[in-house]
Amino acid sequence: MNIRSVLCVGLALGAASLFAEVESYNVFGQIKCTTTFRKTMVAIPWVSTNATAQTIKVAEIIQTTNLDEGTMALHWNGLTSTWDAWRINASKEWETVATASETGVTVSENPTDAPIPRGTGIWLIRSDIDTNTGDEKTFYLYGKYWEGESGTLTCPANKSTIVCAPYAEANGYNLNSIDATAWAAFGTATGDAIRRQTDSFPYYEEWKFVEGTGWGRSEKDGGVKKFVKKDVVMPAGEAFWYVNRHDAAVNIVWPKL
């Protein structure tokens, strides 16, 4: 199975956010994620618990509780244009694995060293079943809340990029909470799309962007289709596709909460 076929498989992810504030400079969070699918697109909304930058290691954010030996995590490395890959070993620890591509074999960094940027996402591939059965699987994300604005998240021209909402709010994150003019300043243009994975054909829900309006969908009004601005809420813990359909990069800077 090649990478493209892996990324086209439908999935669903439900999540609830649990926060605990203490009398401390830092605020930490945990998300309980439940999925019925073997391949799940997972958000990276937080940073390392000892971070000085907006990154986290796979060994830190995805707890091995409830995950079986052989479960894998994949993250697209934009610097090397390859997939970083890790798996859980018999000792319930993350370890690096090699991945093959047209340019050769790549060995990923150690899972305790490889930085994964906040605002991106990874694929979590469970090992306990070969196909989707409808059985629920629970896993946990953990990390530190980042108080300031995010760094720049680049979505290359004419490509789809895995991204996530910057905050793991219990009620999810509404993409229209960012004004349409701000999206346009990032480089988002009419025709760009957001796709959230679903469990039925075509295995995603799509919302499009219209300059001056924001994110929404086309709906019929008296037999005529027209664009309607809609709340586009991404659940906590869930990553999604940003589909850039233009010849220039989109540089998203998630605002402060």
Side-chain angles (χ1 to χ4, degrees), residues 2-8 41-47 53-56 74-84 99 101-103 106 114-123 146 148-167 172-198 202-219 225-234 238-257:
N2 60 35
I3 288 296
R4 181 171 296 277
S5 63
V6 169
L7 299 187
C8 289
M41 192 182 288
V42 181
I44 307 295
W46 291 322
V47 299
Q54 294 191 59
T55 61
I56 195 167
L74 298 177
H75 177 261
W76 180 251
N77 188 326
L79 296 177
T80 61
S81 295
T82 58
W83 287 95
D84 290 327
T99 56
S101 67
E102 295 177 356
T103 58
T106 302
I116 301 177
R118 168 182 171 243
T120 62
I122 62 172
W123 285 94
W146 185 270
E149 292 181 350
S150 67
T152 300
L153 178 62
T154 298
C155 301
N158 297 305
K159 290 185 178 180
S160 295
T161 304
I162 300 176
V163 302
C164 79
Y167 313 115
Y173 188 85
N174 186 353
L175 297 183
N176 278 321
S177 65
I178 302 177
D179 188 82
T181 56
W183 279 107
F186 300 154
T188 300
T190 298
D192 284 358
I194 292 292
R195 287 181 174 178
R196 179 189 173 198
Q197 303 295 320
T198 64
Y203 304 112
Y204 63 83
E205 297 174 334
E206 181 172 292
W207 293 268
K208 292 183 179 180
F209 183 80
V210 169
E211 294 175 57
T213 302
W215 296 97
R217 287 177 168 168
S218 293
E219 294 185 350
K225 275 191 174 183
K226 66 177 184 178
F227 181 83
V228 180
K229 184 177 179 179
K230 291 280 189 179
D231 284 343
V232 184
V233 179
M234 296 299 167
E238 183 172 327
F240 50 93
W241 291 110
Y242 184 98
V243 184
N244 184 350
R245 295 188 168 125
H246 296 88
D247 295 330
V250 173
N251 297 299
I252 301 174
V253 180
W254 298 109
K256 248 180 117 170
L257 181 64

Could you pull out the closest heavy-atom pair between [X] and [Y], with the gap in Å?
X: I252; Y: C155; answer: CD1-SG, 4.1 Å
X: T190; Y: E211; answer: OG1-N, 3.0 Å
X: A180; Y: G214; answer: CB-N, 3.7 Å
X: T198; Y: E205; answer: CG2-CG, 3.2 Å
X: N174; Y: S177; answer: O-OG, 2.6 Å
X: S150; Y: Q54; answer: CA-OE1, 3.2 Å

May I ask you to decide if [Y]'s main-chain N or O and [X]'s side chain share a donor-acceptor pair within less than 3.5 Å?
X: R118; Y: I56; result: no
X: D231; Y: N176; result: no
X: H75; Y: P117; result: no
X: D192; Y: R245; result: yes

Inset, instruction - Please test Y173 against W254 for side-chain contact (heavy atoms from CB on, under 4.5 Å), starting from the C-alpha separation and ending with a verdict. - result: CA-CA 11 Å; Y173 188 85; W254 298 109; 3.8 Å; yes

Legend entry - R195: side chain to side chain donor-acceptor pair (under 3.5 Å) partners, not counting sequence neighbours: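 Counting only residues at least two positions away or on another chain, R195 forms a side chain to side chain donor-acceptor pair (under 3.5 Å) with Y204, E206.
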
Inset, instruction - Using the test salt bridge (Lys or Arg N to Asp or Glu O under 4.0 Å), find all partners of K226 that sit at least two apart in sequence or belong to another chain. - result: D221

Inset, instruction - Using the ring pair (Phe, Tyr, Trp, His ring centres under 6.0 Å) rule, pick out the option among F209, W207, F227 that qualifies with W215. - result: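 Testing W215 for a ring pair (Phe, Tyr, Trp, His ring centres under 6.0 Å) against F209, W207, F227 leaves exactly one candidate, F209.
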
Inset, instruction - Any chance you could lay out the ring pair (Phe, Tyr, Trp, His ring centres under 6.0 Å) test for W46 and W146, step after step, and finish with the verdict? - result: CA-CA 7 Å; W46 291 322; W146 185 270; over 10 Å; no

Inset, instruction - Apply side-chain contact (heavy atoms from CB on, under 4.5 Å) to the pair F240 and L175, showing each step before the final yes or no. - result: CA-CA 12 Å; F240 50 93; L175 297 183; 4.2 Å; yes

Legend entry - Listed partners of F186 passing ring-ring contact (aromatic ring centres under 6.0 Å, His included), at least two apart: W183

How long is the span from the [atom1] atom in [X] to the [atom2] atom in [Y], to the nearest 0.5 Å?
X: I194; Y: T188; atom1: CD1; atom2: OG1; result: 7.5 Å
X: K225; Y: E219; atom1: NZ; atom2: CD; result: 10.5 Å
X: W76; Y: D84; atom1: CH2; atom2: CG; result: 9.5 Å

Legend entry - Any P156 side-chain heavy atom under 4.5 Å of T161 side chain: yes

Legend entry - Audit row: I162, W123, side-chain contact (heavy atoms from CB on, under 4.5 Å) steps and yes/no: CA-CA 9 Å; I162 300 176; W123 285 94; 3.2 Å; yes

Inset, instruction - Would you check, one step at a time, whether the test side-chain contact (heavy atoms from CB on, under 4.5 Å) holds for V250 with Y242? - result: CA-CA 9 Å; V250 173; Y242 184 98; 3.6 Å; yes

